[in-house]
Structures are given as structure tokens and as C-alpha cells.
Amino acid sequence: MEGDDRREKGHLSDRRFDSLGSVLDPRLLSSIPFEFMSVVQAATLEHSLSGVDVLAQAKTGTGKTLAFLLPCVQRISTMLPLVSRSPSDISVLILSPTRELALQIEKEAVVLLRGFQGAIGVQHCVGGTNMETEKRALRSSRADILVATPGRLIDHLQNSGLAPQLRNVRALVLDEADRMLDMGFRRELQTILAALPSRQERPRQSLLFSATIPQGIRDVADLDENHVFVNTLRPEEQNTHQHVPQDFIIVPHTQTFAATLCILLESLSQDPKTTKPILFFSTARSTAIFFVLLETLQKQLSGVHSANLQRLSPAWQALQTVPVFELHSRKSQSQRVRATQAFTKSQTAILCSSDVTARGVDFPGVTSVIQVGLPSSGEQYIHRLGRTARAGAAGSGVLILTPYERFFLRKKEVAGLPLRERKLVFTEDDLLPEADSAIRKALMTVSDKEKSQAYQAALGYYKSSLKDLGWSPAQLVDEMNDWARQALLFQEGASGPAPPLLAKTVGKMGLKGTPGLNVVKQLPSWADDGAGDSPNDRGDVYQHLSTVRQRGSPYGRGAKVVANGRGGGAGRGARDSVVRATQSSS
DNA sequence: AAAAAAG
């Protein structure tokens, strides 16, 4: 605790919020839930409160949200009692790259607005929710501050007649600004900017916040030429990620899930009461599969007779009860909201996530970030890592790669990081053979449909990295087919040697004519969208597995494990198992 | 089709 306090002070400044007593509206000042400003806040507030444009670079988890909300709320408060304004006018527009981040920002704004007792309102508009409900709320209640994701905002502009409410916008905030300005969002941002009044006719302030500020951001951003650039990174520390202990592990792709499970079991055995890792996957489909695997393992464990459960190692016991959540774009928005809330308030839990939560989202107390498979970019690796070790707390990172993904370590954003290779050392009683066996059994309960979807997603994902991988399209298909069969245990059945793909889909992927693909005119009924998610009855398998071995894991040691030149032997029980790790610099 | 983001 003492150490935490010291680190906590590291991101706090010595300036108190009440030093702004002459500048800030007292109702705003009294709603600030902190005594001291963070470093970013202290460095940006004097500028942003003066009204100039600000481009700020700061570590994640250091109070950026409050840094841009304060000047926005203050600005609106000076416009009170709002006689000249229509109650439906939007004064501040905040854009976020994900729905979860938008909702989180709105929540912080609600806190800051308490003192105004409804005179200033904040609302959100994000996808995946009822369009009509939002439309009505935007009409009938104050939305002085609107927090939005781009797609849904444009939808409202074009279909709900929201445009007139934006004619008085006085401030525009881009959170995760680099993401908002990159190729994926730039067009949408242009559409939104076009709906705002020109800055000549209606002066406004732009506030851009991000942990990484790439070259050229100023060329595309909506920034005044007299803007202030604030960099709160100390040169010697650069970014959090320089200080967070980070390991990488290279395993064959058949062992990726087992290695991931090992890392989880290891952290559960060290600290079952406080462990709170996030597991990041590259596609929504593989996120879903690993989540199902964990759920299945838990159900299998709960079928183990309690007397036998006592004999298992503490890690397996802990796995049975730790809450597990999944969060990605293939879930409904209400499920996403529920998972976000539940993981936020859990002291110990496991979150399986896609890159939805890679940026900005603030889950308290995340103890480690485990990245499974190739991250989509060096920057994305850093943003994901930033979900732990926030606001001065401790945290660590693990990256699990296959040999063909090793090139990632040479990317320029990653090459300078303190990433150290860690080998899972195979000893007689280590966890990997058990984990492998458990994963294989659990995979039997995953439907061919789910496996096919993961296969298709992986093809699409790796296709964008062919150059880095040094693969031809045919090699890509070979590797992914092997992955489907050997790692996902996709059964080559009546449908052919690989999961089936529609000719149409293959065409869109640009893989027409590539050997090795199982191209079909029509998907078999089990893989069709209309079919249920799980034709296999998981319940049967639980029953089947409910007999436990005398000692060790409930999953036996059936699978032969070969990695780094050593096979896993039949050893003693899991009670004494540990993942042995050796550190060696890479 | 591949994170995400509109349905």
C-alpha cells in the first residue's frame, strides 16, 4: 500500500483543484472528486480554460478525461442561464472510437455536473442501442454535452434531424485522437466536421487527447494554427509501457490456448483473491472461443466431486470460481454493457476481450494484460498494455506468439520495449500438459460452426499481414487449415478438409483460386447463420468428464505435448505444479 | 471477410 501511494503521487501534481477557485464555477469546483490535479490536468488546464486549442499527449490512465471535461463544463457554465440558447442545443461534442469509452466519459461528466442540478445535461449516442430512444432523449432533454461514436452520430445527423442542434457547438473533443484521425475513422470525422458550423462564423475550441501522437496528426486535425501542444511524458520515462514488466512466450500455434491457460493458472495460484487479468485476442471469434473454453472448464470443474476438488492444486480450484467475462463486437450492446460493469466492479475476474477495450477504457485494478497472438500493430500492443499499471498501480504484460508471428518483436514501436523472453519449461509436473489436455477436452464442446467462424476470421486477419509473415496466399491457407485442424480440432468430415467458405466470401477476401480452400456454393446447415450456436450438447461432455483422476488435474494427461524439444511426461499430481519460468534477455 | 463503428 505504501508503495502504491508513492507511485500514485508520481502521476499526481502538487497543484490543488481549489487553486482554480477564482476561475471555475463553484458548482463545478465542488463536484470535482479529487483534491490534487494529475500531471496532465495541471499541464493542460491553464491553456484549455483560456479557450485555446490544445493537443495533449499523456500516458493512459492519468486523468485525461477530467482534463478535457473541466474546460468544457466551465465553458457551458459561463453561458448560463442559457437564455439565448435553445434547450436542445449541443454546446460540446465529444467523439470516442468505441461505445464503451463513450459511455465511460458520459459517466464522468455526470459526476461533474451534479452541482448544476439539471441545468446542464450530458447525453450519449452510440451504436447498438435503440435509435428511437436516443432520438427522443436528444429532443426532449438537455444535451449540452454530447458524447458520441461516429457512426451513430452520423446516423442521427442524416435520419433524426439532429443537424440543427449542432449549429451552436463551442467545443469539439477528440478522445484517442490518433485513432479518430486514422484511416478507419477519417471519412466519418470529415462528415461530422462538415455538419458543424465553420469556425469563422462560430468560434469553437478543439481539444485533442491521446497517448500517442503520430507525425502528421496536425495536418488532418481540426486544430487552430495557434494551438498549444502539451506533452506530459517525461523524456526519461516516455510512457508507462517502458516500466511495466513484459514477457513474451513463443509456442507452436497448437499450444497457444494451452499456454494462455497456463499463464492464467499461474496468476491464480499466486494471488487467487486479487488477480484480474485481461486477455486480448485478435478477432472477436477467437475471443468468443477462448471464453467458451474457460466457461466449459469451469462447468467441468464444478462437476468434480468436492472431495476430489480438494486434491487439486489451488490454481485449478481458483479457476472454478473466478468470474469470466467476454467483451467484443459480436455481442449485443446490452451484453457488452453488462460485462463492462461486472468486470469493473470485480476485485478478481478474467476478461476475454477483443480490441474494443484496447484503448482508453479504465477498468480499476487490472493486474496483467495477456495478449494472445499477433497484435494488429505495435501501437495497439502499447494501448492494450496500458489497461494495466494505471494511475501508478502495478501491473505486468505477457505476449504469446507463434514462431511465425515472431516478426512482431522487430516492429519499431516494440523493439525498444523491455520485452523479455520467457520459456515455459517442461518439467514432469508442470501445468502445460494438463492445460493442453484440458483445452482439448473443452474444444470437443465447441461447435464446428464456432470453429469455422474463427477460421474465417483468422484468414481475414492474417491476410492483412501477409508481407510481414512472408507468406504466399497458398501458405496462408495451409497454415490456417492446419490451425483449424490441429489447434481448434476442427473435424474434417463430410464437409471437406477445411472449414467451408462461400465462393462469395473467398472473392471478397481476394483469395479466389487459392489451393487448399474448401469453397462451397452453399454453407452446410450446421454452419449456416440460422443454425444454433452449439449443436454439440455440452452437457453430455460435462457428465462424461465428471470422473476425476486420483491426483492431478481433472482433465488427465492424454495429449502429447511437444514444444521446445521436450515432451510432457506423465508426472505427479497437479498439487505441486507450477509453471516454471526462466528469464532470458531477448 | 479482418478491431472498430450504422443497421
Side-chain angles (χ1 to χ4, degrees), chain A residues 95-103 124-132 134-135 147-160 162 174-176 178-192 278-288 326-333 336 352-361 371-384 387 452-466 468-469 473 476-477 480 483 499-512 514 517 519 523 527 529:
Chain A
L95 296 175
S96 146
T98 66
R99 301 167 185 174
E100 279 70 17
L101 186 54
L103 297 175
H124 65 259
C125 62
V126 300
T129 58
N130 188 299
M131 183 90 181
E132 283 305 312
E134 278 183 2
K135 186 175 169 178
V147 193
T149 47
R152 178 53 71 89
L153 178 61
I154 290 172
D155 205 344
H156 280 300
L157 289 174
Q158 293 170 346
N159 304 312
S160 309
L162 186 70
L174 301 187
D175 198 9
E176 302 299 328
D178 59 329
R179 177 74 187 91
M180 298 303 299
L181 293 164
D182 81 12
M183 278 329 222
F185 277 118
R186 201 171 296 176
R187 283 184 59 141
E188 287 175 307
L189 192 61
Q190 289 305 329
T191 307
I192 293 166
I278 301 182
L279 310 181
F280 280 108
F281 297 83
S282 306
T283 68
R285 299 301 193 186
S286 54
T287 311
E326 66 174 327
L327 190 44
H328 52 78
S329 61
R330 299 279 181 178
K331 304 305 287 181
S332 73
Q333 190 55 27
R336 284 167 61 166
C352 301
S353 180
S354 71
D355 277 343
V356 245
T357 63
R359 288 166 172 259
V361 179
Q371 308 198 33
V372 186
L374 180 70
S376 60
S377 69
E379 289 190 338
Q380 204 64 7
Y381 170 87
I382 291 167
H383 282 289
R384 287 161 151 196
R387 294 320 96 211
S452 293
Q453 289 170 332
Y455 166 80
Q456 186 173 316
L459 268 180
Y461 176 66
Y462 283 104
K463 211 203 148 272
S464 59
S465 301
L466 279 188
D468 279 329
L469 290 158
L476 168 72
V477 171
M480 291 304 112
W483 182 69
L501 294 172
L502 287 174
K504 181 178 73 177
T505 312
V506 174
K508 281 185 196 154
M509 285 188 177
L511 291 175
K512 192 160 176 275
T514 311
L517 289 175
V519 186
L523 287 179
D529 248 7

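So you know, we letter chains A, B, ... as the sequences are listed, proteins then strands, and number each from 1. Basis for what follows: all heavy atoms, side chains included, without hydrogens, waters or symmetry-related copies.
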For A:S286, side-chain hydrogen bond (donor to acceptor under 3.5 Å, both in side chains) partners two or more places apart: A:T283

Sub-4.5 Å side-chain heavy-atom contact between A:L162 and A:L153: yes

A:R359 side chain near B:dA3 phosphate (N/O to OP1/OP2, under 4.0 Å): no

Nearest-neighbour nucleotide for the A:T149 side chain, B:dA6, B:dA2, B:dA4 considered: B:dA6

Options B:dA1, B:dA6, B:dA3, nucleotide nearest the side-chain atoms of A:I154: B:dA6

Options B:dA3, B:dA5, B:dA6, nucleotide nearest the side-chain atoms of A:D355: B:dA3

For atom CD of A:Q456 and atom P of B:dA1, their distance in whole Å: 7 Å

Given B:dA6, B:dA4, B:dA2, the nucleotide with the shortest approach to the side chain of A:S464: B:dA2

Options B:dA3, B:dA6, B:dA4, nucleotide nearest the side-chain atoms of A:D155: B:dA6

Polar side-chain atom of A:E326 near backbone of A:T287 as donor-acceptor pair, under 3.5 Å: no

Which residues share a ring-ring contact (aromatic ring centres under 6.0 Å, His included) with A:F281, sequence neighbours left out: A:F290

Side chain A:R179 and base B:dA3 donor-acceptor under 3.5 Å: yes

Whole-Å gap separating P (B:dA3) and CZ (A:F185): 14 Å

Nucleotide of B:dA3, B:dA5, B:dA1 approaching A:T505 most closely (side-chain heavy atoms): B:dA1

